[in-house]
Amino acid sequence: MRQAIWKYPLQLMDSQEVSMPAGAKILSAHNQDGTICIWACVDQDVAFVSSRTICIIGNGNPMPNHPLDFIGTVLMPPFVWHVFE
């Protein structure tokens with residue numbers, strides 16, 4: 001098992017699919033040079049890729065009616081975004 005932390009830049013949209021090695025553990029979300037990114041610990045030897053649904057919700061906006069796993073809060077003044085899977 002060869003583990004590494006990989007960065008996944010996101011588009012600023014409500015929901016998007018991100019492909020990463022199966023079993024990857026999403027660690028955090030932050031603003032990097034004006035782009036929301038997530039970082040995940042991945043096993044580089046895993047050939048199977050899984051699609052993960054990532055949601056970005058603006059501060060004060062309604063939440064979806066289904067449960068989501070919180071990844072992190074991203075500050076991009078004057079906006080505050082909350083990233084979920």
Non-hydrogen atoms of [X] and [Y] that approach each other most closely:
{"X": "A29", "Y": "W39", "result": "C-CZ3, 4.5 Å"}
{"X": "T53", "Y": "S15", "result": "CG2-OG, 3.4 Å"}
{"X": "P9", "Y": "C37", "result": "CA-SG, 3.9 Å"}
{"X": "I57", "Y": "P62", "result": "CG2-O, 4.0 Å"}
{"X": "A40", "Y": "Y8", "result": "CB-CE1, 4.0 Å"}

Can any side-chain N or O of [X] pair as donor or acceptor with the backbone N or O of [Y] at less than 3.5 Å?
{"X": "Q11", "Y": "Q16", "value": "no"}
{"X": "R52", "Y": "A24", "value": "yes"}
{"X": "D43", "Y": "M1", "value": "no"}

> Quick one: side-chain hydrogen bond (donor to acceptor under 3.5 Å, both in side chains) partners of S19, sequence neighbours excluded?
Replying inline: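 For S19 there are no side-chain hydrogen bond (donor to acceptor under 3.5 Å, both in side chains) partners, ignoring immediate neighbours.
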>> K7: which residues meet the side-chain hydrogen bond (donor to acceptor under 3.5 Å, both in side chains) condition with it, sequence neighbours left out?
In response: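 With neighbours one apart ignored, the set is Q32.
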According to a 4.5 Å side-chain heavy-atom criterion applied to Ile, Leu, Val, Met, Phe, Trp and Tyr, with indirect links allowed, do [X] and [Y] form part of one hydrophobic cluster?
{"X": "W6", "Y": "V46", "value": "no"}
{"X": "L12", "Y": "M76", "value": "yes"}
{"X": "V18", "Y": "V42", "value": "yes"}

Taking atom [atom1] of [X] and atom [atom2] of [Y], what is their separation to the nearest 0.5 Å?
{"X": "K25", "Y": "Q3", "atom1": "NZ", "atom2": "CD", "result": "10.5 Å"}
{"X": "H82", "Y": "F70", "atom1": "NE2", "atom2": "CZ", "result": "7.5 Å"}
{"X": "M63", "Y": "C55", "atom1": "CE", "atom2": "SG", "result": "8.5 Å"}
{"X": "S28", "Y": "I71", "atom1": "OG", "atom2": "CD1", "result": "9.0 Å"}

>> Please evaluate residues I26 and I54 with respect to the criterion side-chain contact (heavy atoms from CB on, under 4.5 Å), reporting the C-alpha separation (whole Å), side-chain torsions for both, the decisive distance (0.1 Å), and the verdict.
In response: CA-CA 11 Å; I26 298 174; I54 306 298; 3.9 Å; yes
Does any part of the side chain of [Y], heavy atoms only, come nearer than 4.5 Å to the side chain of [X], both counted from C-beta?
{"X": "T73", "Y": "W81", "value": "no"}
{"X": "M20", "Y": "I38", "value": "yes"}
{"X": "L27", "Y": "I5", "value": "yes"}

>> Considering only residues two or more places apart or on different chains, which pairs with a residue in residues 60-81 satisfy salt bridge (charged side-chain N to carboxylate O under 4.0 Å, His left out)?
In response: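 Output for this query is empty, none listed.
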>> One pair to check against side-chain contact (heavy atoms from CB on, under 4.5 Å): I56 and L10. What are the steps and the verdict?
In response: CA-CA 9 Å; I56 300 174; L10 302 177; 4.1 Å; yes
>> Using a 6.0 Å cut-off, check whether atom CG of N59 has over 12 heavy atoms from anything other than its own residue.
In response: yes
> Going through the distances and angles, do L75 and N31 end up as a side-chain contact (heavy atoms from CB on, under 4.5 Å)?
Replying inline: CA-CA 7 Å; L75 302 175; N31 171 8; over 6 Å; no
